[in-house]
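Some notes on the structure that comes next.
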Amino acid sequence: MSHHEPIHDEWDVDDIEWDWSEEGVHEDELALEPHDLNAEDEPIAQTSPHAPQKTIENGEIATSEDTTQSQEDSMKSRLLINPNKAGTQYIPKHIVAKIVYEASQGSPFFLAEQRRDALVTARIQSLQSRVQAIQTMDLRLERGIVESVLRTVEKEWETSERRWIVCVDMDAFFASVEELDRPELKNKPMAVGGMSMLSTANYEARKYGVRSAMPGYIAKKLCPNLILVRSNFDKYTAVSKKIREVFAMYDPQFSPMSLDEAYLDITDYLSAHPEHTPESVVSELRAEIFRRTMLTASAGIAANKMLAKVCADINKPNGQKFLPVDRESIMEFVRTLPIRKVPGVGKVNERILKSLGIETCGHLSWSRINPRLNRMLNFFSWFVMFASNESCRDSERKSIGVERTFAPMQKSSEMYEKLSELSEYLATDLKKHDTKGRTLTLKLKTTEFRLFTRAKTLMRFMCTAEEIFHCAQQLLALEITANPGLRLRLMGLSMSKLSSRSMDEDGIAKFLKRPSPSTPFPNPQTLTCPVCCKEFPDISERDMAEHVGRCLEDPHIPDGSGEIKGDGMKRPSKRKKETKRDKPSSNLVEWMQKRSSSPLLDQPVCPVCATPFTDPSDLASVNRHVDACLLGEKQ
DNA sequence: GCGGATCAC
DNA sequence: TATGGTGATCCGC
């Protein structure tokens with residue numbers, strides 16, 4: 001058994017298919033044009049002849065094709081891990097989808113994906129019925145408030161400090177490293193990985209629809225001449241070390257995300273080198289990487305991490321994209337940006353949003369005029385994220401785990417054997433990280449690809465293999481008895497609720513530890529919620545936006561207990577624990593009147609001009625006033 | 001605190 | 001021969 005380094009694999013899932021040999025491809029490939037998604041070669045999911053029109057005009061919600069989309073089409077797009085644009089590959093996308101679909105059909109993996117897909121479909125249908133229900137409501141007042149809050153956020157942004165953030169991403173990293181040693185592979189379709197799974201494909205292979213995270217044997221169906229190269233992590237790590245030396249030249253505090261990707265804050269470098277522009281610095285950086293490694297990198301330069309990340313994808317490979325920091329440039333950029341490009345929007349959320357007719361981030365601004373839908377999906381914080389200077393601070397590790405896939409296993413004796421092995425691995429890793437933990441999570445995947453976890457939290461910390469196994473074995477025993485005939489293909493153990501093992505860092509000492517060294521980005525500040533007027537010291541803009549969104553939307557939570565739950569979107573950012581407020585009423589004005597404790601709401605005021613309402617109970621007059629204000633009329 | 005689901009890399 | 005491993009977050013309970 002080979003030792004297992006806690007290496008973060010590179011799977012290049014975000015690499016965009018790109019044909020760099022052809023002129024004129026770029027514009028089509030930027031995926032920033034509003035009609036891009038409706039180009040001749042549509043995504044598989046939308047080829048259904050029954051697909052209804054989607055509109056998003058005037059705040060009207062048009063639920064989309066999901067109800068009519070066939071299950072097969074849905075599965076085809078689901079199986080296409082990383083769909084490409086037409087024209088950049090020899091094999092048209094719908095053919096690729098068909099081949100992948102047929103190669104997968106009937107397999108246990110396929111059936112499991114079908115079950116998951118059906119759950120998403122149900123989620124979407126329930127969401128759509130909720131969306132229908134809010135169509136007829138009068139939302140003018142809420143719109144006014146949302147507008148006002150957004151103005152506040154924008155003002156914060158205008159006055160905040162500007163930073164230049166760069167996201168650097170190596171092109172087809174693993175494959176390119178392999179090509180250094182075997183240059184004859186350069187012009188041949190090649191992928192790193194094995195028959196069961198690929199981690200990276202070179203650009204030649206991508207033309208055939210070969211993708212990272214695709215099983216090798218399916219890739220071979222797409223491209224029979226595909227050359228498979230086993231991965232050599234030591235090589236990638238060594239190259240990674242070289243590129244990080246370059247990063248450190250421009251930002252000693254850079255944040256590596258993986259072997260081939262990192263964020264840099266070059267603001268200080270630019271101050272120290274006034275003769276440079278952000279673009280020239282990044283050109284130089286990429287040239288230096290190439291000089292040292294003979295590998296190309298792509299980069300994005302923008303006002304924050306999120307925008308930089310999106311930009312890094314645009315002129316890939318071997319290119320860079322500069323997004324000016326002024327408000328207009330950013331708004332224009334974001335307006336036509338497909339939602340799938342937003343970090344955090346994956347396959348499922350893309351499908352959910354598209355089912356509501358939301359395909360670009362510009363459509364997200366629709367949440368400005370429909371706070372109720374916003375509450376369901378919480379677009380609000382996403383919207384604000386584009387204007388956020390904040391970036392994820394490198395946080396302390398919260399869990400550490402191991403998992404292994406193996407040949408189907410049915411005998412419980414073998415399972416305990418495997419569990420013991422995993423316990424050893426985990427103990428080794430815990431020791432390596434000088435940590436211990438109180439919560440142990442057992443993860444199991446059946447041969448039918450059903451995935452489940454069982455956890456146990458102890459009063460004391462675990463760190464040795466014996467302690468881990470003792471706890472894990474109880475969890476496993478419960479499942480074995482509860483599921484006779486259990487057949488497994490994967491087992492995993494993960495430890496959380498961690499604490500340092502060395503004495504000097506134990507207990508209260510770890511709270512006194514200085515913040516993590518690489519925090520090159522602007523830090524939280526004191527902000528005031530424009531809705532509840534509470535002050536939040538040391539809060540990030542994103543968390544603030546999150547709070548304001550909740551604060552704003554709470555009064556709209558319907559009282560009915562029959563509300564369908566569970567079909568909201570995953571939130572883009574973590575939510576701070578908030579203090580419990582009054583049970584909100586479904587009527588905003590009533591709620592305002594009830595909440596006399598809030599300074600802002602002592603007397604209900606116009607959310608736009610802040611003039612107190614003479615008679616807040618006169619809803620019609622309130623709405624007239626707000627409408628007039630929004631139109632800019634002087635009261 | 002637990003478990004399922006989603007996502008990034 | 002037959003779809004990965006590590007870590008994180010969010011939601012609903």
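By convention in this document, chain letters (A, B, ...) are assigned in the order of the sequence lines, proteins followed by strands, and residues within each chain are numbered from 1. The model shown is predicted, which means the values in this text are computed figures rather than measured ones. As a basis for the values below, the full set of heavy atoms in this structure was taken, side chains included, without hydrogen atoms, waters or symmetry mates.
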Answer yes or no for A/R206 and A/Y208: cation-pi contact, defined as NZ/CZ to six-membered ring centre under 6.0 Å and angle to ring axis within 45°. no

From CG of A/L451 across to P of B/dC2 the rounded distance in Å is 18 Å

* Side-chain N,O (A/K445) to OP1/OP2 (C/dT3) below 4.0 Å -> no

Separation of C/dT6 atom P from A/L430 atom CG, nearest Å, is 13 Å

Considering only heavy side-chain atoms of A/P215, the closest of B/dC9, B/dG3, C/dT3 is C/dT3

If the threshold is 4.0 Å, N to carboxylate O, is there a salt bridge linking A/K418 and A/E414?
no

Quiz item: Does the side chain of A/T453 get closer than 4.0 angstrom to OP1 or OP2 of B/dG4 through an N or O atom?
Solution: yes

Handout entry: Greater than 12 external heavy atoms within 6.0 Å of A/K456's NZ
Key = no

Side-chain contact check for A/R404: nearest option of C/dT3, C/dG5, B/dC7 is C/dG5

Taking only N and O in the side chain of A/K398, is any of them less than 4.0 Å away from OP1 or OP2 of C/dT9? yes

A/K347 atom NZ is separated from B/dC9 atom P, nearest whole Å, by 16 Å

Review point. NA contact type, A/K220, heavy-atom cut-off 4.0 Å: base, sugar-phosphate, or nothing?
Key: nothing

**Asked** Between A/K221 and A/E102, is there a side-chain N and carboxylate O pair less than 4.0 Å apart?
**Response** no

Of C/dG5, B/dT6, C/dT6, the nucleotide closest to the side chain of A/K443 is C/dT6

Taken to the nearest whole Å, CD1/A/I400 to C1'/C/dG5 is 13 Å

Does A/E359 pair with A/R340 as a salt bridge, N-O distance under 4.0 Å? no

- Pick base, sugar-phosphate or nothing for A/V100, based on heavy-atom distances below 4.0 Å to the nucleic acid. nothing

Exercise. May I ask you to say what A/I218 touches in the nucleic acid, namely base, sugar-phosphate or nothing, with a heavy-atom cut-off under 4.0 Å?
Key: base

Looking only at side-chain N and O atoms, does A/S399 come under 4.0 Å of OP1 or OP2 in C/dA8?
yes

Rounded to whole Å, CG of A/D260 lies from P of B/dC9 at a distance of 9 Å

With the side chain defined as heavy atoms from C-beta on, A/F449 is closest, among B/dC9, C/dT3, B/dG4, to C/dT3

Among the nucleotides C/dG5, B/dC2, C/dT3, whichever has the atom closest to the side chain of A/A455 is B/dC2

Taking every heavy atom of A/L259 against every heavy atom of A/Y236, the minimum-distance pair comes out as CD1-CB, 4.0 Å

Which part of the nucleic acid, if any, lies within contact of A/K497, taking any heavy atom under 4.0 Å across all strands shown: a base, the sugar-phosphate backbone alone, or nothing? sugar-phosphate

Applying side-chain hydrogen bond (donor to acceptor under 3.5 Å, both in side chains) to A/R244 and not counting sequence neighbours gives A/S240

Side-chain contact check for A/R438: nearest option of B/dA8, B/dG1, B/dC9 is B/dG1

Taken to the nearest whole Å, CZ/A/R351 to P/B/dA5 is 15 Å

Sorted by position of nearest nucleotide on DNA chain C, 5' first, the leading residue of A/S196 and A/G401 is A/S196

Applying a 4.0 Å non-hydrogen cut-off, can you work out what A/S104 is touching in the nucleic acid: base, sugar-phosphate, or nothing?
base

Under-4.0 Å side-chain N/O to phosphate OP1/OP2 contact, A/N349 with B/dT6: no

Ranking B/dC7, C/dT6, B/dC2 by distance to the side chain of A/T457, first place goes to B/dC2

Against the side chain of A/Y217, the closest entry in C/dT3, C/dG5, B/dT6 is C/dT3

Considering only heavy side-chain atoms of A/R123, the closest of B/dA5, C/dT6, B/dG1 is B/dA5

A/R454 has its side chain closest, among C/dT3, B/dG3, B/dT6, to B/dG3

May I ask you to evaluate whether A/T405 reaches the phosphate of C/dG5, defined as a side-chain N or O under 4.0 Å from OP1 or OP2?
yes

Taken to the nearest whole Å, CG/A/L426 to P/C/dG7 is 9 Å

Q) Just checking A/R450: base, sugar-phosphate only, or nothing, at a heavy-atom cut-off of under 4.0 Å? A) nothing

Assign A/F452 to base, sugar-phosphate, or nothing according to its heavy-atom contacts below 4.0 angstrom with the strands shown.
sugar-phosphate

Separation of B/dG4 atom C1' from A/D117 atom CG, nearest Å, is 17 Å

Looking across every strand, which nucleic acid part, if any, lies under 4.0 Å from A/R116 by heavy atom: base, sugar-phosphate, or nothing? nothing

- Reckon A/R397 has a side-chain N or O less than 4.0 Å from the OP1 or OP2 of C/dG7? yes

**Study point:** N-O pairing of A/K76 and A/D117 below 4.0 Å
**Key:** no

